[in-house]
Amino acid sequence: MNRLLTILLLGLLPIAASAQDNDDARTKGLHIAQEIQDRNTGWGDSKALMQMVLFNRRGDRSERELHLRSLEIDGDGDKSLTVFDQPRDIKGTALLSFSHSVEPDQQWLYLPALKRVKRISSANKSGPFMGSEFAFEDLSSFEVEKYQYEYLRDETINELDCFVVNYYPNYEHSGYSYQQVWIDKSEYRVQKIDFYDRKKSLLKTLEFSDYEQYLDKYWRATSMRMSNRQTGKITELTWRDYEFSVGLSDADFNPNSLKRAR
Amino acid sequence: MIKAPVVAIALICAATSLHASEISGRIGAESRYFPDDGQLQNSVLFEPEIYWSWNNDHDSIVFKPFARADDLDSERSHFDIRDLHWLHVGRGWELRTGISKVYWGVTESQHLVDIINQTDVVESVDREEKLGQPMVQLTFIRNWGNLDIFVLPYFRERNFGGSNARLQGPFQIDTDNPRYESSSENKHIDYALRWNQYFGDWDIGLSYFNGTSRDPNLLPQINPVDGRLFLTPYYPLIEQIGLDVQATLGSWLWKLEAISRSGLDQDYSAMTVGFEYTFIGVFQSGLDLGLLTEFNRDTRGLSAPTPFQKDVFAGGRLTLNDAQSTELLFGASFDLDDSSSYSGLIEASRRFGNNWKLSLDAWIFNSNNPLDLNYLLRDDDFASITLEYFF
């Protein structure tokens, strides 16, 4: 009888141990995510220009230019205003987005030809942003509550010692089953993301480079390169003219202010 | 002698150094084909936009003229100033002074609450093109919402096509002798108010307008010389209350526009109610398919000068989300009381390179009822191709 119990207990031990490992992996993943968020808190407001170059499989390129204004919101996702400059037929089109961690985002689109402000559905998180390989959800602000985390291992990439963590989305309408994220241990900057589609096949890889530091604290990548591993298409983002503390307030992020966004 | 150009150049330099100046716009060519009689209508358009700003973008001026030259309809060859206004942005308020355009509303099949600007009828069948309206617009942006106060000191008459015009029915419209209820005619000062706000998933707008109706009554007249029937526009004074509501719930958009209008000739109300549902990433791709249905009701019934007295519009919008922004919109309006009355449209567009855009549009109209507006347009089915260069 005693022996039987021992055998049973011994049999259960590896299961218990792996459950313990899972908990540890989740806790460590969550700690890393919280550290990323903590290090990126307090920047206030910013603006920047973004150039986007789309390459199809044949190498044909097509360019977009847009500028963004962002406002940090305490305890919620950021507010952002994106205005398109290129291509010229959509110049002046503007997107206002109030991102939320788990609740659906609120989004308004301004169409300059009709001078119409349209509330749009934010259910298209997985949809392509301006025909690029970036989905709307890839460009929205990072909030800890958006994902469940699982720390996997340490790994060195780009000569940087990194954590590798899986992010499982908590919000609805994500196009991904999970993202595998490489974060450097020294500054907690995202270096690379592998996106896995709903069928858990590798869909896209995003690589960050040329990080620059602003206000002696906040790191922003100057270059981002998204490669679609299933279609061979590539989108390159280049950021420039980053400015922080430019005096933006809530009044600049209002469906009404969309009409005068330039 | 060389002084004037030097001064001009110095002024331009000073103006540009104020802060930012920007030129953009479009130039295009359009061809329409009417299969009922094989007629072709060709035109070119030009719409530049110049923008200056100073005072850290708190002050700006926009100048946007528009011109079209048409080879068939002399009245469709026209020039308009879409925008020429100064905008000052204060803390929690904005003041816009000059010629401009505003848009109110949420629905797609018709735009009931949108009343500030006169429709540029010769420009577009869908009535979405507008003439520039002189205005002083004061906007308050507060926690309780946005409040707009408009003073509209000059009235823009509706433009109509000339004797060769398509899409207008058989009667000549005498735009040279419009009549007004107000003795100050087109100098009558109109007022409007609008409040709008969002609450979570809901966007709500309430509006009030007091002034000259943008929709003329067309009075039948007999030409004493040749005995032919023609129409004279008559612009009554009206008051209108409008409500527009949109609920954005996941992939569903629920929409309502309603107006109540009173005036000398007739009190009536009208509404458009409907939904749009978007299927995201259909066929395992980045493609979105939106389906929309809207119900239109006008208490004037068949005497309403719109085809939307009791109609259902059903349509779809296909967005490829590709690098060329390819889009397809299709739909049809059906009269619920008269199955012979309907209209249909297809609009497709695609960008080529970074600056060119090609659009293909087609419309059909049908009705057996001579009192119905679609009856007047039954021989005006057309397809058009438009090529535009954006700079």
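Quick note: numbers below take in every heavy atom, side chains included, and nothing from hydrogens, waters or symmetry partners. By convention in this document, chain letters (A, B, ...) are assigned in the order of the sequence lines, proteins followed by strands, and residues within each chain are numbered from 1.
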With chain A, which of B/Y389, B/W356, B/F390, B/W252 has the greatest number of heavy-atom pairs at distances under 4.5 Å?
B/F390
Turns out that what part of A/A113 lies under 4.5 Å from chain B's heavy atoms comes down to backbone
Per-residue tally against chain A (heavy atom, under 4.5 Å) across B/V89, B/T139, B/V102, B/D288 peaks at B/V89
Less than 4.5 Å to any heavy atom of chain A: does that hold for the side chain of B/R26, its backbone, both, or neither?
neither
Heavy-atom contact with chain A under 4.5 Å, split by part of B/E276:
neither
Measure across B/N321 and A/P128 and return the closest heavy-atom pair with its distance rounded to 0.1 Å.
CB-CG, 3.6 Å
Contact class of A/E63 relative to chain B, heavy atoms under 4.5 angstrom:
both
Give a yes or no on whether A/Q37 atom CD has more than 12 heavy-atom contacts from other residues, nucleotides or ligands under 6.0 Å away.
yes
To the nearest 0.5 angstrom, please state how far the CG atom of A/L54 sits from the CG atom of B/D322.
10.0 Å
If I measure from the heavy atoms of chain B, does A/F98 come under 4.5 Å with its side chain, its backbone, both, or neither?
side chain
Non-hydrogen atoms of B/N354 and A/P87 that approach each other most closely:
O-CB, 3.4 Å
So, does B/R351 use its side chain to make a donor-acceptor pair with the main chain of A/R88 at under 3.5 Å?
no
With a 4.5 angstrom heavy-atom cut-off, which part of B/N355 approaches chain A: side chain, backbone, both or neither?
side chain
Engaged part of B/D114 at the chain A interface, taking heavy atoms whose separation is under 4.5 Å
neither
Give a yes or no on whether A/Q213 atom CD has more than 12 heavy-atom contacts from other residues, nucleotides or ligands under 6.0 Å away.
yes
Where on B/K357 is there a heavy atom nearer than 4.5 Å to chain A: the side chain, the backbone, both, or neither?
side chain
Less than 4.5 Å apart, side chain to side chain, heavy atoms only: is that true for A/L111 and B/Y103?
no
At a heavy-atom separation under 4.5 Å, does B/Y51 approach chain A through its side chain, its backbone, both, or neither?
side chain
Counting heavy-atom pairs under 4.5 angstrom with chain B, the leader among A/D250, A/N124, A/I120 is A/N124
Determine whether more than 12 heavy atoms belonging to other residues, nucleotides or ligands lie under 6.0 Å from atom NZ of A/K47.
no
Residue part contacting chain A, namely of B/T278, when any heavy atom lies under 4.5 Å
neither
So which part of A/P104 gets closer than 4.5 Å to some heavy atom of chain B, the side chain, the backbone, both or neither?
neither
Given that the side chain runs from C-beta out, which part of B/T319 has a heavy atom under 4.5 Å from chain A: side chain, backbone, both or neither?
neither
Are A/R262 and B/V62 close enough that some pair of their side-chain heavy atoms sits under 4.5 Å apart?
yes
With a cut-off of 6.0 Å (strictly less than), are more than 12 heavy atoms of other residues, nucleotides or ligands near CG of B/N143?
no
Are A/K115 and B/D83 within salt-bridge range, i.e. N to O under 4.0 Å?
yes
Mind ranking A/P255, A/A135, A/S121 by heavy-atom pairs under 4.5 Å with chain B and telling me who comes out on top?
A/S121
When rounded to the nearest 0.5 angstrom, what is the spacing between NZ in A/K91 and CD in B/E49?
7.0 Å
A/L114 versus chain B, heavy atoms under 4.5 Å apart: side chain, backbone, both or neither?
both
Where A/R119 and B/G200 come nearest, the two heavy atoms and their spacing
NH2-O, 3.0 Å
Measuring heavy-atom distances to chain A, does B/E128 have an atom under 4.5 Å in its side chain, in its backbone, in both, or in neither?
both
Starting at CG of A/N256, measure out to CG of B/N146 and round the result to the nearest 0.5 Å.
4.5 Å
Of all heavy-atom pairs between B/S251 and A/A123, which one has the smallest distance, and what is that distance?
OG-CB, 3.6 Å
Turns out that what part of A/D89 lies under 4.5 Å from chain B's heavy atoms comes down to both
Side chain, backbone, both or neither of B/W202 within contact of chain A (heavy atoms, under 4.5 Å)
backbone
Winner by heavy-atom pair count (cut-off under 4.5 Å) against chain A, out of B/R82, B/E388, B/E22
B/E22
Any side-chain heavy atom of A/K125 sitting closer than 4.5 Å to one from B/I280?
no
With a 4.5 angstrom heavy-atom cut-off, could you sort out which part of B/E129 is near chain A: side chain, backbone, both or neither?
neither
Would you mind reporting whether B/L87 and A/R260 have side-chain heavy atoms less than 4.5 Å apart?
yes
